[in-house]
Amino acid sequence: MDTTRLRETAQYLVADGKGILAADESTGTCTKRFDALGIESTETTRRDYRAMLFSTPGIGDSVAGVILYDETIRQETADGTPIPKLLLDQGVFPGIKVDTGAKDLAGHPGEKVTEGLDGLRERLAEYAGLGARFAKWRAVITIDEETPSTACLVANAHGLARYAALCQEAGIVPIVEPEVLMDGDHDVDTCEAVTRMAWDVVFGALKDHDVYLPGILLKPSMILSGKDAPARAGAEEVARRTLEGLLDCVPASVPGVVFLSGGQGPEEATEHLRIMNTLGDKPWKLSFSYGRALQQPALHAWAGDNANTEKAQALLKERCDANRAAALGKEFVAA
Ligand code: 13P
């Protein structure tokens, strides 16, 4: 295992004020987002949209990595530049989603287990050849009366650990993503208990599988009230509970924690990150790996028409710059 390369890649992705743009929506998910805005979803429109995002002037000021989907890492821009090259030329590392999705967990209605280990060694070798420096695997944990079950937590942690070990063997930094969903009316105490349990089980599995912690990034959800909870915890409380949970559960040798947005609004996700970065010392970097919270305003502005490129790119740049400030614990002042 090339521990130096893994460590350096992980540190690069969370260098001061830098974070990650998640643009690895599967074709199904991307189509759902396009459909909602009446945008036709074809290989070309998906390519045009992603190429528009990735050629935003100055994107490399705040984004050190972009997570791609299998279709995108193989695509070229309209002028023939391979997408990985478009990113690397701006100092942005290409990453790749390698799980094959969350499937129903047998015997546990309402719960999911993420699949994708079959053939993963060979796929990682191919992705490394296409320029991928890091990867992502997302596990999904649902909060309900009876869930999560131990079976769900253990099966997902096992998958994450085996994925992470395979990535490191291939010289690719694994982003380990256990997402506790916001769906439901649970309170913030419940989210905190479940999220801490998920982190504990995941780090136990990573240890069992001898995963090299300085060569991973953790991508967690924040500790939030359920989307439909009657009373929702405020920003200060979310930031404090999330940070305290991380301090208790995440080893100091992990170089960075990069949050998903998980359905938070763009400004809400930025504000939570900013507050956390004002709350005293922490052993790892705290930054972003947002999908919707970075892309949403730009997608709405682009609306399937390349004539809207400039406006859409300006909106993406604004979200990236706001999150750069948040990663540094600073207020963002729009230009
Ligand atoms: P969101 O920030 O939209 O939750 O997406 C991040 C991600 O990569 C989910 O797997």
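We count ligands from 1, going down the list as the structure has it; atoms in each ligand are counted the same way.
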**Q** Less than 4.0 Å between a side-chain N and a carboxylate O, is that true for Asp24 and Lys136?
**A**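 Looking at Asp24 together with Lys136, the answer is yes, because their closest N to O distance falls below 4.0 Å.
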**Q** Hey, is Ala293 one of the residues with a heavy atom under 4.0 angstrom from ligand 1?
**A**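 No, Ala293 has no heavy atom closer than 4.0 Å to ligand 1.
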**Q** Show which atoms of ligand 1 fall inside a sub-4.0 Å distance from at least one heavy-atom site of Tyr290.
**A** 2 (O)
**Q** Quick one: do the Thr142 and Asp144 side chains pair a donor with an acceptor below 3.5 Å?
**A**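 Thr142 vs Asp144: no donor-acceptor pair found between side chains.
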**Q** Looking only at protein heavy atoms, which one is nearest to atom 4 (O) of ligand 1, and what is the separation?
**A**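 Nearest neighbour among protein heavy atoms for atom 4 (O) of ligand 1, to 0.1 Å: Gly262 N, 2.7 Å.
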**Q** Short list, please: which atoms of ligand 1 are under 4.0 Å from a heavy atom of Gly291?
**A**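 Ligand 1 atoms under the 4.0 Å threshold to Gly291: 1 (P), 2 (O), 3 (O), 5 (O), 6 (C).
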**Q** Between the side chains of Arg133 and Thr9, is a donor N or O closer than 3.5 angstrom to an acceptor N or O?
**A** yes
**Q** Students often mix this up, so state it plainly: with edges at 30° and 60°, are the rings of Phe34 and Trp302 parallel, tilted or perpendicular?
**A**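 Tilted: the ring planes of Phe34 and Trp302 meet at 30° to 60°.
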**Q** Can you confirm whether or not the ring centre of Tyr12 sits under 6.0 Å from the ring centre of Phe93?
**A**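 Yes, close enough.
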**Q** For atom 1 (P) of ligand 1, tell me which residue out of Ala23, Ser289, Ser261 has the closest non-hydrogen atom.
**A** Ser261
**Q** Taking the side chain from Asn156 and the backbone from Ile141, do they hold a donor-acceptor pair closer than 3.5 Å?
**A** no
**Q** Please state whether Lys136 comes within less than 4.0 angstrom of ligand 1, counting heavy atoms only.
**A**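 The answer is yes: ligand 1 sits under 4.0 Å from a heavy atom of Lys136.
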**Q** Could you name the option among Lys219, Arg138, Glu177 that has the heavy atom nearest to atom 8 (O) of ligand 1?
**A**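 Nearest option to atom 8 (O) of ligand 1, by heavy atoms: Lys219.
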